[in-house]
Protein chains: 2
Amino acid sequence: MGIRERKEREKTERRQAILMAAQRLFNEQGFEKVSMRNIAETIEYSPATIYLYFKNKNELLFALQSQAFGQLARSFESVFAIEHPAKQLEAVGHKYLEFAFQHPELFELMFVMNGPMQAVEARGETTPWASGRAAFERVVQVMQHGIDAGVFTRTDNAETAALMAWSQVHGLATLYLRKRMMIFPEDRRQAIMEEVMALFAQVLQHGL
Amino acid sequence: MGIRERKEREKTERRQAILMAAQRLFNEQGFEKVSMRNIAETIEYSPATIYLYFKNKNELLFALQSQAFGQLARSFESVFAIEHPAKQLEAVGHKYLEFAFQHPELFELMFVMNGPMQAVEARGETTPWASGRAAFERVVQVMQHGIDAGVFTRTDNAETAALMAWSQVHGLATLYLRKRMMIFPEDRRQAIMEEVMALFAQVLQHGL
DNA sequence: ATCATAATGTGAACGCTGTTCATTATATTT
DNA sequence: AAATATAATGAACAGCGTTCACATTATGAT
């Protein structure tokens with residue numbers, strides 16, 4: 001009897017439907033419109049029903065965040081075709097920025113919102129933050145490649161160097177997305193960001 | 001008749017009392033507890049009364065944010081005593097991190113929350129974001145000093161270079177405060193951040 | 001001192017939020 | 001067909017920002 005299997009399959013299908021509805025709300029309406037009631041409405045369920053599939057909103061956001069980090073990590077994959085380590089690292093940085101600009105609301109979920117991380121904390125130390133770690137690991141990999149190739153010689157710690165590069169680009173992205181670039185004229189913001197990216201690439205080579 | 005003056009003074013005093021109450025709530029209870037109702041309760045007023053002194057919550061947050069940026073800018077002042085440009089810049093970075101760690105909730109208000117920036121947007125293009133600009137200007141000043149002294153030679157654009165340095169430290173601070181350092185073991189996080197800061201200082205000198 | 005006017009403060013309400021729980025409806029098993 | 005297990009829901013709670021008709025208090029003019 002495949003009833004048990006069908007039930008399970010249907011259950012995960014409904015779970016996925018909830019996640020997709022939430023993702024759509026994120027992308028189309030912004031994170032502020034992602035309420036349990038709005039999600040419920042788009043899948044034509046009662047708000048209470050969602051709680052049969054997710055313990056609470058934080059867990060739902062966590063699941064969504066994990067998916068989003070998967071997307072980001074996948075978007076990094078193409079850069080492994082590039083050989084020159086410095087160019088490769090630069091490409092990762094631009095992929096990161098591209099993702100941030102194309103999915104600002106998902107980016108917010110991944111790096112700004114409290115909800116998903118509270119879910120991680122609530123789960124205790126048993127389950128680490130796997131999706132975030134996996135995405136970061138790709139950058140570490142790129143950095144290690146540069147160290148092994150003898151292009152980056154000032155450190156042998158790929159993790160620290162990767163975090164430095166990540167922080168640089170992440171800082172730029174968040175300052176922009178959180179509207180803190182308002183100190184610059186609107187028509188100059190894009191150009192300034194590109195200048196910063198170019199300057200950082202140069203600094204990595206020769207210093208400032 | 002100094003009645004007019006007294007009235008005005010009393011009005012600004014009450015406005016200030018509201019801001020102080022809000023600031024206290026920020027620092028002691030966290031940004032989530034800063035509700036109009038909680039602010040009203042701590043100054044023993046009705047929630048509706050606050051709207052006689054601030055158009056809405058966003059404007060209140062904006063006023064608070066401006067004060068906080070003033071604090072940050074003031075905390076930068078001591079570094080101007082340092083002569084060597086690289087050391088000076090490094091000191092600014094550490095002051096920034098120090099501020100972020102000592103006032104995480106204010107930092108959130110300054111760099112993460114939407115409210116205050118929505119107030120800026122609502123005011124239209126007439127009033128720029130002065131408090132943020134002023135704080136950034138100090139970093140530009142430090143960077144310009146380094147360029148003029150011939151220590152930083154790879155660019156003559158102090159603003160771009162300042163934004164690069166700001167982004168680097170800001171990215172590190174936000175990743176930490178937004179709990180995205182969870183990919184590292186808890187007891188290693190502090191050390192890793194210091195390693196990144198040290199590495200960046202080194203990279204500014206010689207590249208990676 | 002009395003009265004009109006201006007300034008200041010408030011209670012109650014609206015629609016929104018996440019979440020819980022007793023109840024109802026549906027599907028499966030006996 | 002009856003009993004049981006699964007799935008879904010309506011209603012409620014306490015919180016949120018905000019508005020507005022109303023009440024209170026302080027000022028100015030007579």
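Bear in mind that the values here come from a model prediction, so they are computed numbers and not experimental data. Only this structure's heavy atoms are used, side chains among them; waters, hydrogens and symmetry mates stay out.
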Name the residue closer to the 5' end of DNA chain C, choosing between K57(A) and E44(B) according to the nucleotide with the nearest heavy atom.
->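 Comparing both residues, the 5'-ward one is E44(B).
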
Length of the line joining [X]:[atom1] and [N]:[atom2], which is rounded to integer Å:
X: Q29(A); N: dC16(C); atom1: CD; atom2: P; result: 14 Å
X: L25(A); N: dG18(C); atom1: CG; atom2: P; result: 11 Å
X: E32(A); N: dG18(C); atom1: CD; atom2: P; result: 12 Å
X: R9(B); N: dT8(C); atom1: CZ; atom2: P; result: 13 Å
X: N58(A); N: dT17(C); atom1: CG; atom2: C1'; result: 13 Å
X: F31(A); N: dC16(C); atom1: CZ; atom2: C1'; result: 15 Å
X: M36(A); N: dT9(D); atom1: CE; atom2: P; result: 14 Å
X: R14(A); N: dT9(D); atom1: CZ; atom2: P; result: 11 Å

Lys/Arg N to Asp/Glu carboxylate O, [X] vs [Y], below 4.0 Å:
X: R15(B); Y: E59(B); value: no
X: E108(B); Y: R178(A); value: no
X: K95(B); Y: E90(B); value: no

OP1 or OP2 of [N] versus the side-chain N and O atoms of [X]: is any pair under 4.0 Å?
X: N38(B); N: dG15(D); value: no
X: Y53(B); N: dG9(C); value: yes
X: S35(A); N: dT17(C); value: yes

Taking the side chain of L52(A) as its heavy atoms from C-beta onward, which of dG9(C), dT8(C), dA8(D) lies nearest to it?
->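 Ranking dG9(C), dT8(C), dA8(D) by closest atom to the L52(A) side chain puts dA8(D) first.
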
Under a 3.5 Å cutoff, is there a donor and acceptor pairing between the side chains of [X] and [Y]?
X: E105(B); Y: N27(B); answer: no
X: Y176(A); Y: R189(A); answer: no
X: W129(B); Y: Q65(B); answer: yes

Which part of the nucleic acid does K33(A) contact within heavy-atom distance under 4.0 Å: base, sugar-phosphate only, or nothing?
->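 Here K33(A) touches no strand at all.
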
At under 4.0 Å between heavy atoms, what does F54(A) touch on the DNA or RNA strands: base, sugar-phosphate, or nothing?
->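 Since no nucleic acid heavy atom lies under 4.0 Å of F54(A), the category is nothing.
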
Under 3.5 Å, which N/O atoms of the protein pair with N/O atoms of nucleotides 20-27 of chain C?
none

Hey, does the side-chain of R37(B) have a donor or acceptor N/O within less than 3.5 Å of a partner on the base of dG17(D)?
->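 Answer is yes: a donor-acceptor pair is held.
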
With DNA chain D as reference, determine whether E10(B) or V34(B) sits nearer its 5' end, using the nearest nucleotide of each.
->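 Nearest nucleotide further toward 5': that of V34(B).
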
In terms of the angle between their ring planes, are F111(B) and W166(B) parallel, tilted or perpendicular, with boundaries placed at 30° and 60°?
->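 Taking W166(B) first and then F111(B), their aromatic rings stand perpendicular (interplane angle over 60°).
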
